[in-house]
**Q** 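Supplied in structure tokens, the structure appears directly below.
The structure presented is a predicted model; accordingly, all values stated were derived computationally and were not measured. Throughout, a chain's letter reflects where its sequence line sits, starting with A, and its residues are numbered from 1.
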Protein chains: 2
Amino acid sequence: MHDVAAAAGVSRGTVSRVINGGYVSGAARAAIEAAIAEVGYVPNTAARNLVMQRSQAVAFLVLEPPSLILEDPNIGAIMLGANAVLSSADYQLVNLVVDSARDTERITKYLSGGFVDGAVIVSARANDPITRVVTDLALPATFVGHPADLKQGIPFIGIDNVGSARAITERLAATGRKRIGMIAAAVDRDSGADRLTGFRQALGRRFKPNLVAHVPFYDYASGMEGMRQLLQREPRLDGVFAASDAVAAGALQVLRELGRSVPGDVGVVGFDDSPWAQRTDPALSTVHQPAKEIGAQAADLVLRQLGGKTPEPGGILLPTPIVWRASA
Amino acid sequence: MHDVAAAAGVSRGTVSRVINGGYVSGAARAAIEAAIAEVGYVPNTAARNLVMQRSQAVAFLVLEPPSLILEDPNIGAIMLGANAVLSSADYQLVNLVVDSARDTERITKYLSGGFVDGAVIVSARANDPITRVVTDLALPATFVGHPADLKQGIPFIGIDNVGSARAITERLAATGRKRIGMIAAAVDRDSGADRLTGFRQALGRRFKPNLVAHVPFYDYASGMEGMRQLLQREPRLDGVFAASDAVAAGALQVLRELGRSVPGDVGVVGFDDSPWAQRTDPALSTVHQPAKEIGAQAADLVLRQLGGKTPEPGGILLPTPIVWRASA
DNA sequence: TTGTATGCGTTATCAG
DNA sequence: CTGATAACGCATACAA
């Protein structure tokens, strides 16, 4: 900037004003702009951050095993939705990968080091150290879904997992299925636990605990494992609610290997309406999750807090229509 | 830091020394560490960046339509490989999404604003504005794959697309297939063009231009489209080389819809050995791409440059074994 | 071993 | 409208 000021024959203050918009005479402005172009000047963001106390960047944090991030197209869609909103507001979305304990520590520093003004946090569990940091720092944040111990005052955005799971299970039952099982994934997270609750509600007195196979993750391999367990416990199973489309895809694979027809012998429904859902054979009946919209609203809530507004307490739940395809 | 110094009864210089490692007496160190814990002090990274002229962060840039990023598990694996290396060296990987022209502009500022010390760049094409910025800035960078106009002196890391494509096509031909076609994706990029070249080399005089279907992207939908084109031009087709596993998966879908058996009627091979490859039915024979290793080495090359070493000219090519499964 | 002073590149607050 | 000048929070050369 020194060079620019010198080349244009003005002070650094005036240069700063043409960059940030202030009262500057036309002549001075022209001279400075020419100088900027000539010198190839680019403002140093670190210096600007230091004095402005902001970075124009928002973190996007996924607190999930990284391999799952790749599996789950939903997360990607949420991120894209957030980026679109942030981008329009001239904020940089910074995607942080947490892949180890060491990462956690470094990201803690990153978050508290002035690198970002806010954060969108996906897939947090209760007692996550990063969640603690965010609340301690009072960093403007929005959670997608909400860990059980989410502090009051931090907004979250999500869907009604209980209601959606109940609804699709009811529709599956309405097709005449008598022995319906569930592959319940990630019940240590609110989404997983809620989907199981909804399933249970739908079945009421017909609910049988041994027709629920618990698996750790929302992924394809877990789906295969869960399906095998279920069939072993109840060979005459004729309906399955998989906790996600990826899980359902794994289940379909096992059914195919075993020669069971879908939806003939067994009806299968999933959750998410991710690209998986349309590519399985047969295509999946599933719960549509407005992932992009979720990301957009999460980003918007961060922006709002950055604008000084206190978000209304509680969270926002987005609607989740059921999409009926061929698998049930 | 002021608070810490006061609480410990020392000067700020001493506090700085215990943080960064310098000569400090045991007594002072103990007092300061206690004070740090009590106050909950965290160094301000913006200030540190400003004076140190570095950020301990490296950008991971994918110059590809964002929807494709979600489709391509390869890119995710590359990122994870890069993150692992960067993390061990205490660098933060910052994942940047470029989703619009506006993003391009903002990222340009980001790159030149001292936010990152280096960059790993994936899927760059010739004449990409971001590529220009990186070379103009002389930002330590490594390209994964290389755009045609990559400047001398910037290292890249990749695979031998020509040789790999040639090898797998030859093996497909060796199974007795007579009418082999290719679904060539993204020939505007070096990887796409090279795979086509390899295919052509393998077939030699038997190569027929009309048995190559050109599609824009490495994705599922493109695979479906390409397969339809190919069958229309040559209904008796008995072999297909798809430019990626996702493309192959789309092709398989079309073949299934049309009632052609694989590998009975048609042999299909892909490229990448991504998770797709094991989940299609039948599982794909394909070229294994060591994505994680590519990411790791790319990150390593950035780190090396950060360490002041000038990378040897030219790029590094990693081996790509062929994995033979059921589809051909 | 420690305190002090200076500078990193900007923005913002003043007089002028 | 513009030019000085004081922060911003930290690392570091230098003096003590």
**Q** Applying salt bridge (charged side-chain N to carboxylate O under 4.0 Å, His left out), which residue pairs with at least one partner in residues 295-314 of chain A are found, sequence neighbours left out?
**A**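 Salt bridge (charged side-chain N to carboxylate O under 4.0 Å, His left out) check on residues 295-314 of chain A returns A/Asp300-A/Arg304.
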
**Q** Could you go step by step and tell me if A/Asp117 and A/Ser55 meet the side chain to side chain donor-acceptor pair (under 3.5 Å) rule?
**A** CA-CA 6 Å; A/Asp117 299 335; A/Ser55 62; 3.1 Å; yes

**Q** Please report how far the helix from C/dT1-D/dA16 to C/dG16-D/dC1 bends, comparing the axis fitted to its first five pairs with the axis fitted to its last five, to the nearest 10 degrees.
**A**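 The value is 40°.
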
**Q** Show me the pairs that pass ring pair (Phe, Tyr, Trp, His ring centres under 6.0 Å) and involve residues 4-45 of chain A, at least two apart or across chains.
**A**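 For residues 4-45 of chain A, and leaving out neighbouring residues, there are no ring pair (Phe, Tyr, Trp, His ring centres under 6.0 Å) pairs at all.
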
**Q** Please report, rounded to the nearest Å, how far the P atom of C/dA12 is from the CE atom of A/Met1.
**A**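 Spelled out: CE on A/Met1 to P on C/dA12 is 11 Å.
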
**Q** Quick check on C/dT11: is either OP1 or OP2 less than 4.0 Å from any side-chain nitrogen or oxygen of A/Gln53?
**A**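 A/Gln53 to C/dT11 OP1/OP2: no side-chain N or O under 4.0 Å.
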
**Q** Can you confirm whether more than 12 heavy atoms, excluding those of B/Arg102, are under 6.0 Å from its CZ atom?
**A**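 Yes - once you tally the heavy atoms of other residues, nucleotides and ligands closer than 6.0 Å, there are more than 12.
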
**Q** Can you list, pair by pair, the side-chain donor-acceptor contacts under 3.5 Å of residues 2-13 of chain A, counting residues two or more places apart and other chains?
**A**
residue, atom, partner, partner atom, Å
A/Ser11, OG, A/Gly13, N, 3.3
A/Ser11, OG, A/Thr14, N, 3.4
A/Ser11, OG, A/Thr14, OG1, 3.4

**Q** Sort and list the pairs that fulfil ring pair (Phe, Tyr, Trp, His ring centres under 6.0 Å) and have at least one residue in residues 93-134 of chain B, not counting sequence neighbours.
**A**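 Listed by first then second residue: B/Tyr110-B/Phe115.
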
**Q** Sequence neighbours left out, what passes side-chain hydrogen bond (donor to acceptor under 3.5 Å, both in side chains) with A/Gln56? Give chain and number order.
**A**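 Counting only residues at least two positions away or on another chain, A/Gln56 forms a side-chain hydrogen bond (donor to acceptor under 3.5 Å, both in side chains) with A/Arg54, A/Tyr91.
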
**Q** Nearest-Å distance, CE (A/Met52) to P (C/dG9)?
**A**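 It works out to 18 Å between those atoms.
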
**Q** Holding to side-chain hydrogen bond (donor to acceptor under 3.5 Å, both in side chains), I want the full list of residues that pass it with B/Asn83, two or more places apart in sequence or in another chain.
**A**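 Checked B/Asn83 against side-chain hydrogen bond (donor to acceptor under 3.5 Å, both in side chains); matches are A/Asp103.
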
**Q** Which residues within residues 133-141 of chain A lie with some heavy atom under 4.0 Å of an atom in DNA chain D?
**A**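 Result for residues 133-141 of chain A: none.
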
**Q** Going by the rule side-chain hydrogen bond (donor to acceptor under 3.5 Å, both in side chains), which residues pair with B/Arg29 if we only count those two or more places apart in sequence or in a different chain?
**A**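 B/Arg29 satisfies side-chain hydrogen bond (donor to acceptor under 3.5 Å, both in side chains) with no other residue.
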
**Q** Of all residues at least two apart in sequence or in a different chain, which pass the side-chain contact (heavy atoms from CB on, under 4.5 Å) check with A/Ala291?
**A**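 Partners of A/Ala291 by the side-chain contact (heavy atoms from CB on, under 4.5 Å) criterion, ordered by chain and then number, come out as A/Asn74, A/Ala77, A/Ile78.
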
**Q** Nucleotide by nucleotide, 5' to 3', does protein get under 4.0 Å of the base (B), only the sugar-phosphate (S), or neither (-) in nucleotides 1-7 of chain D, counting heavy atoms?
**A** SBB-B-B

**Q** Mind checking side-chain hydrogen bond (donor to acceptor under 3.5 Å, both in side chains) for A/Thr131 and listing every partner two or more places apart, or none if nothing turns up?
**A**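 Per chain and number, A/Thr131 pairs via side-chain hydrogen bond (donor to acceptor under 3.5 Å, both in side chains) with no residue.
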
**Q** Just checking A/Val18: base, sugar-phosphate only, or nothing, at a heavy-atom cut-off of under 4.0 Å?
**A**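 No contact at all - A/Val18 keeps every heavy atom at 4.0 Å or more from the nucleic acid.
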
**Q** OP1 or OP2 of C/dT11 sitting under 4.0 Å from any side-chain N/O of A/Asn20?
**A**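 It does, given that an N or O in the side chain of A/Asn20 lies less than 4.0 Å from OP1 or OP2 of C/dT11.
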
